[in-house]
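Here, residue 1 is the first one in the sequence, and each next residue gets the next number.
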Amino acid sequence: MNIQLTEKKEQIFFSTLKLINIHGFHGSPMSKIAKDADVAVGSIYHYFPSKEDLIIELYWYCKEKLNAHVFSSVDSTLPYETRF
């Protein structure tokens, strides 16, 4: 899944991760996320129709970042068997 990111979306993602880590899922309402990300609540709802959608996109964002980091040192010119 290729996610088109803007600076605001990344701010929202980072704030969401931080607040969920500190306060848990239910202790991190959209209003707190917006305040921490320094964006309007309406901006969050512009990008994500619901908190569930935000969490799903955050998952894919983190997955892509992790995969990019893990496979950044893999030489793609080598045969498959050698790479793995």
Side-chain angles (χ1 to χ4, degrees):
M1 178 176 200
N2 188 7
I3 301 173
Q4 296 275 332
L5 290 179
T6 65
E7 192 174 310
K8 277 188 183 181
K9 265 182 118 170
E10 279 196 325
Q11 285 177 277
I12 294 165
F13 285 153
F14 294 141
S15 292
T16 304
L17 280 173
K18 181 174 86 174
L19 292 173
I20 288 176
N21 185 42
I22 296 169
H23 304 289
F25 179 79
H26 295 293
S28 304
M30 296 291 250
S31 57
K32 265 190 185 178
I33 294 169
K35 185 175 181 178
D36 190 77
D38 198 29
V39 299
V41 176
S43 294
I44 294 180
Y45 285 108
H46 171 75
Y47 295 112
F48 313 102
S50 68
K51 192 172 180 183
E52 181 181 350
D53 291 319
L54 168 59
I55 298 302
I56 290 169
E57 282 203 43
L58 177 60
Y59 165 78
W60 286 109
Y61 171 78
C62 291
K63 185 177 174 183
E64 284 188 5
K65 287 287 192 184
L66 181 63
N67 283 343
H69 180 72
V70 168
F71 293 108
S72 64
S73 62
V74 174
D75 184 2
S76 61
T77 61
L78 295 173
Y80 180 82
E81 293 82 13
T82 306
R83 284 184 276 167
F84 294 97

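For S73, the side chain to side chain donor-acceptor pair (under 3.5 Å) criterion is met by no residue, not counting sequence neighbours. Applying the salt bridge (Lys or Arg N to Asp or Glu O under 4.0 Å) rule to K18 yields the partners D36; only residues at least two apart in sequence or on another chain are considered. Under the rule for a side-chain contact (heavy atoms from CB on, under 4.5 Å), H46 has no partner lying at least two apart in sequence or in another chain. Every side-chain contact (heavy atoms from CB on, under 4.5 Å) that Y45 has, sequence neighbours left out, goes to M30, V41. F71 is linked by a ring pair (Phe, Tyr, Trp, His ring centres under 6.0 Å) to F84, counting only residues two or more places apart in sequence or in another chain.
Atom-to-atom distance recorded for S43:OG and I33:CD1 is 13.5 Å, nearest 0.5 angstrom.
Residue pairs meeting the salt bridge (Lys or Arg N to Asp or Glu O under 4.0 Å) criterion with at least one partner in residues 44-55, sequence neighbours excluded, do not occur; the list is empty.
The minimum heavy-atom distance linking V39 with I44 is given by the pair CG2-CG1, 4.0 Å. Across every non-hydrogen atom of G27 and H23, the tightest pair is O-CB, 3.4 Å.
Side-chain rings of Y47 and F13 stay apart, their centers remaining 6.0 Å or farther from each other.
Between C62 and L17 there is a side-chain heavy-atom pair separated by less than 4.5 Å. When side chains are defined from C-beta on, T16 counts as touching I55, because their heavy atoms get closer than 4.5 Å.
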